[in-house]
Structures are given as structure tokens and as C-alpha cells.
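Being a predicted model, the structure only gives us computed values, none of them experimental. Computed from heavy atoms alone, side chains included, the values below leave out hydrogens, waters and symmetry copies.
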Amino acid sequence: MAEEAVLGFLEKNEEISDSGQFAADRGIDHQELTNIIKRLSGFRFVDAQDIKRESWILTEEGKTYAAAGSPEMQVFHAIPPPGISLQELQRKLDPSVFKIGCSQAKKNQWVEMGKQLVTRKVDNVDDKVKDLLNRVQDGEAIDPKELDALKRRKLIVPQFRETSPQSLALNDADCSLEKLSRVIIACGMATILIVDHFLFTFLLRTWKGYSVRKGPNYAPKRKIFTTDLTRDNLLRGDWKDLEFKEYNFSAKGQPIEGGHLHPLLKAGFEEMPTNNFVESSFWNFDALFQPQQHPARDSHDTFFLQVPSTTKTLPEDYVERVKRVHESGGYGSRGYAYEWKREEANKNLLRTHTTAVSSRMLYLLGQQKKFTPKKYFSIDRVFRNEAVDRTHLAEFHQIEGLVCDRGLSLGDLIGVLNNFFLRLGMSKLKFKPAYNPYTEPSMEIFSYHEGLKKWVEIGNSGMFRPEMLRPMGLPEDVRVIAWGLSLERPTMILYGVDNIRDLFGHKVDLSLIKKNPLCRLGME
């Protein structure tokens, strides 16, 4: 019925100017009509424009003026044709009416305010304010400029509807800003307030409708398009005569219920791209100021690739700076005093740590014209050629984080680590001085394992050395605190697992995944 009414009316008329009035005149539910208009607009049978009208109510002052007339009109009527003295006029009127009325009447050029006598400048005037207030009371549409004038004079306020499940026992007509106590947030269309320790939410009451014109596909009657091609259509052969609805490639899919932002993303960290398991020795070792004769670069500790055995693309100017600092030092360092070999840096390997990704990100940060502080993190797989036992595997997951900013210290690093592990349910931590080629000072991180009844190393940390950061192009006063830890070991401590092979690898009992909660970070 509603669809036929819209299309039939537009056949003989240019426009439906107000869907609300159109629905009221024909006894159609306005919500049903708006749904029909949206559907017709989707098929381009009609073009619809939004209409929004806020709902307003009179203040107590506005109600007084709607009944007795505006202050300026009261002042005008109190002045006889011959005129009246200012003192006499003041005695005839309420003080607030006298003050506001004289100001507005003078502004409207209705009266002449002489030193001795107040006289009329015109014979007759219309009380426009009273008329507008009565129209607001009747729910009529008002010109926006006239509404602004009434708002500035505080004669009207928005009408709110309460959406909180806890009520203030106010009906819609009473929910004006005058009646609400202690507004704490007023943002957009909503107002949130606290009254006697209870939270309440009020939404501005707004009427929404449409103005409607003919669209490019307008017809007095809409043809129903087929949405699905069925087996029966193919068997009968009637698919040849069917008209199918166009597929909307820009339509949104079903909302995804699962998944949440990572806690580090909420804390302002950005996730680093860790999609390359294969890395060059340059980014994995050399860029980190790790010498080429270091034991970690031996095949007994690292998996090197046979095909492709070497990388072909490296930033040459940066490679030259790295070579120089390795061979002869710089930035307060003597370097390692050896002959740095490019062929060693070109070797491909399975990355031994995600710090290789950190080196790439810091290099890109150093190429910016203006330095920007950053917080990065990553969680991904790394590979080590080491003996497998109950706490070690040849491949595992590493969590890495770094903060790059001016003036950072070791105290900042210890504070970040304590807070980080406390959120994982590990409050018993120890920090032991250590040596890393690319950090100084450096610390190993230990946590007490209740199951094994001993302290277990769970990560490494430190402050990146100037020999690593300065060749990247980072400013001299920029410091980087960083930490890395395995994912498996903290999980073993948290869940009381005493063998890493029960947690990761081909021997894992999948029922463990099904029986345990998806996420239980230190919660009892």
C-alpha cells in the first residue's frame, strides 16, 4: 500500500516534500513509509533527501511569554499614546520584564527612550516571539534562524529522551536541561550525567523523514527482480526471461563477532610487519652491530639457506655506514677492528629473532626528515639450531617490543617490563646484567616457575647501542629501549606446563586447546 501510494503520487506530482505529512494524510505508519522510501531509493526509483527536525520545549520563562506575551510587547502595551515617564513605566512592570522588554523594544525600534519620556515610535506591532513560542508548543516546524533567536534568549531547550535502564522518574516532557542536575558530558546528540552516584544517558529527540522526487529508474509500478538463480529455474528454462537484481559489491558483510584489539595496540603500540621468515644476515646480524665472527652466526646455531643462498638488494649507503662502524668504529666506539665482508652479510637464513624486523623499522624511522617517537611490537616465529629439551625447541614464537623516543633510560625499561609481565600474571621477576652485541646496558629477565621450583629465563632486554642507531640516521639524543621474550615460556609458567612439547609442536594434545579458555591472562 505504501509503495503504491508513493509511486502513484509521484506520477502526477513533482515531489513529496515531507514524508511525515504524507504519511499522516494517508493514514500510513511513518516507519513503514521510510522503509519503503529507502527500498525504492536503493533501486533508484526515487531520489530521497534526509529531513531532520530536533524537538524543542519551552522553558518556564518561555511558557510565561507564550501566555502573557513577550517582554517587548508588554512594554509596548504599557506605554500610552502620549508617552510615559521611565519611573512610571518601571512601576507598572515586573523588574525582569522591564529590563528585557525595554532592551528588545528599543532594538526593534518600537519605542523612543528619551531622558524624561518613553514614547511609541509605531502605532501597531506584532508579537512575533509569542507566535513562535506557541508554534514550538504545537510541534510545528520553525525556521532555523528563528529557532536560534529563541535559543539565545533561553526561551526553548532541546527535548531529551532517557535511554538508561535506570530511571530518574522524569517523563519526556520534563526532560529538559533545566531539570537535569550536574551534566558531566554533553557530546553531539547525547548527554551523560551523574545523579546520586547513578549514570544516566539522554538522547536528543530528533524527528527524521524524507523529501522524495522521481529517480532515474522511476516507473508507476516497480517490477520485482529475482535475487537467486535456482535449480528449478534451470530445469524449467524460465531463467532466460527472468530479470535479476544487480549485485552490490560495495555492500557490507555480516559483522564479525570474534576478535579484539591486542592490549599493546590499545597502549599506543604499532604492530611490525613480520611476514618474512627468511632474512638476510645483514638485517639479522650486521645492522645490529653483531660482528661477523660472533658464535651465533655459526651454522651450529643458525639455519642458513641453500636456495636462494644470498640476498640481492640492500640499501648501499647504509651498508657502507654499517661496514665503517664495524671496522673502525664511530659514535664513541672503536668498532671491532676486523675486515667486514659483504658476502657474509648477503647470506640468507631463517631469522633467529624478530629483532631483524626491528632493525628494518628503525632504519625507516631514521630516514624521516622529522623524527617521530614510536612504540612497536611484534609476535611471530623464529628459528634456532639448538638442542631440543623440555624448555627449548628449534622453532618458537618471540614477542618483541621497543620504544623509540628522546631521553629514555634503563629505569624506563625496567618499569615497562615490570608492568608488562605483571599483566601476564608474573610478579616474581629478576633482572641479571648480560651482554648483547647490540644493546648496552643489557639485562636477562627471569621469572620464578612454581612447577619447576626454579628461576627460568623468559627474555632479554636492553638499550640499543649508538653504533646501531646512528648509522640508521636517528638523532643523537634518541634512545631505544627494547625487549624480547619467547611466547611459550611465559605461557608454561602461567599454566604450569613443565614440557614445552606439550604446548607447541606435533605432540600437542588438541583437547588441551578445546578444554582451556581462549585467553586467561593472570585472571583467577
- Any chance you could lay out the side chain to side chain donor-acceptor pair (under 3.5 Å) test for Thr274 and Asn276, step after step, and finish with the verdict? CA-CA 6 Å; Thr274 55; Asn276 292 335; over 6 Å; no
- Item | Glu246 atom CD, neighbour heavy-atom count above 12 within 6.0 Å | no
- Item | Heavy-atom donor-acceptor pair, Asn248 side chain to Ser250 backbone, under 3.5 Å | yes
- Note on the structure: In short, Phe43 meets Arg222 closest at the heavy-atom pair CE1-NH1, 3.4 Å
- Which pair of non-hydrogen atoms, one from Leu40 and one from Val6, has the smallest distance, and what is that distance? CD1-CG1, 4.0 Å
- Message: Please report the interatomic distance CZ(Phe76) to CZ(Arg120), rounded to the nearest 0.5 Å.
- Response: 4.0 Å
- Under 3.5 Å donor-acceptor, Asp18 side chain and Gly20 backbone: yes
- Query: How about Trp283 and Tyr363: are their ring centroids closer than 6.0 Å?
  - Reply: yes
- Residue pair Ala78 / Leu93: nearest heavy atoms and the distance that separates them: CB-CD2, 4.2 Å
- Message: With a 3.5 Å distance limit and no angle check, can you tell me whether Asn35 reaches the backbone of Gln31 through a side-chain donor-acceptor pair?
- Response: yes
- Task: Report the distance from atom CD1 of Ile156 to atom OG1 of Thr59, rounding to the nearest 0.5 Å.
- Result: 9.0 Å
- Query: Without hydrogens or angle criteria, can the side chains of Thr354 and Asp380 be said to hold a donor-acceptor pair below 3.5 Å?
  - Reply: no
- Note: Ser359 and Leu288 closest approach over all heavy atoms is CB-CD2, 3.7 Å
- In this structure, CD of Gln398 is separated from CG of Leu485 (nearest 0.5 Å) by 7.5 Å
- Item | Qualifying ring-ring contact (aromatic ring centres under 6.0 Å, His included) pairs, either residue in residues 113-139, two or more places apart | none
- Item | Residues Arg213 and Glu14 bridged, charged N to O under 4.0 Å | yes
- Task: With sequence neighbours left out, write down each residue that passes side chain to side chain donor-acceptor pair (under 3.5 Å) with Thr230, or none if nothing qualifies.
- Result: Asn233
- Polar side-chain atom of Arg44 near backbone of Tyr218 as donor-acceptor pair, under 3.5 Å: no
- Side chain of Ser378, backbone of Glu271: donor and acceptor closer than 3.5 Å? no
- Donor-acceptor pair, Ser103 side chain versus Lys99 backbone, under 3.5 Å? no
- On the 0 to 90° scale, with breaks at 30° and 60°, tag the Phe377-Phe269 ring pair as parallel, tilted or perpendicular. perpendicular
- Message: Checking Gln137 now: which residues fulfil side chain to side chain donor-acceptor pair (under 3.5 Å) with it, not counting sequence neighbours?
- Response: none
- Message: For Tyr210, is there any backbone N or O sitting under 3.5 Å from a side-chain donor or acceptor partner on Ser19?
- Response: yes
- Note on the structure: Those residues at least two apart in sequence (or on a different chain) that pass side-chain contact (heavy atoms from CB on, under 4.5 Å) with Ala2 are Ile28, Glu32, Leu33, Ile36
Throw together a table of side-chain donor-acceptor distances under 3.5 angstrom for residues 145-152, partners on residues two or more places apart or in other chains.
unit_1, atom_1, unit_2, atom_2, d
Asp148, OD1, Lys151, NZ, 3.3

- Message: For the residue pair Gln21 / Asp25, report whether a side-chain donor-acceptor contact shorter than 3.5 Å exists.
- Response: yes
- Query: If you take all heavy atoms of Ile458 and Leu429, which pair is closest and at what distance?
  - Reply: CD1-CD2, 4.2 Å
- Message: For a side chain to side chain donor-acceptor pair (under 3.5 Å) check, start with the C-alpha distance between Glu400 and Ser358, then their side-chain angles and the critical distance, and finish with the verdict.
- Response: CA-CA 8 Å; Glu400 177 140 346; Ser358 298; 2.7 Å; yes
- Message: Could you check whether Arg479 makes a cation-pi contact with Phe464, meaning its NZ or CZ is under 6.0 Å from the centre of the six-membered ring and within 45° of the ring axis?
- Response: no
- Could you tell me the separation between the CD atom of Glu112 and the NZ atom of Lys121, rounded to the nearest 0.5 Å? 5.0 Å
- Message: Taking side chain to side chain contact (heavy atoms under 4.5 Å, CB included) as the criterion, tell me which of Met73, Gln74, His77 meets it with Asp127.
- Response: Met73
- Minimum-distance pair of heavy atoms, taken over all atoms of Tyr318 and Met468: OH-O, 4.5 Å
- Between the main-chain N or O of Ser96 and the side-chain N or O of Asp94, is there a donor-acceptor pair closer than 3.5 Å? yes
Residues 402-410, side-chain donor-acceptor partners within the protein, below 3.5 Å, at least two apart:
unit_1, atom_1, unit_2, atom_2, d
Arg406, NH1, Asp477, OD1, 2.6
Arg406, NH1, Asp477, OD2, 2.9
Ser409, OG, Gly411, N, 3.4
Ser409, OG, Asp412, OD2, 3.2

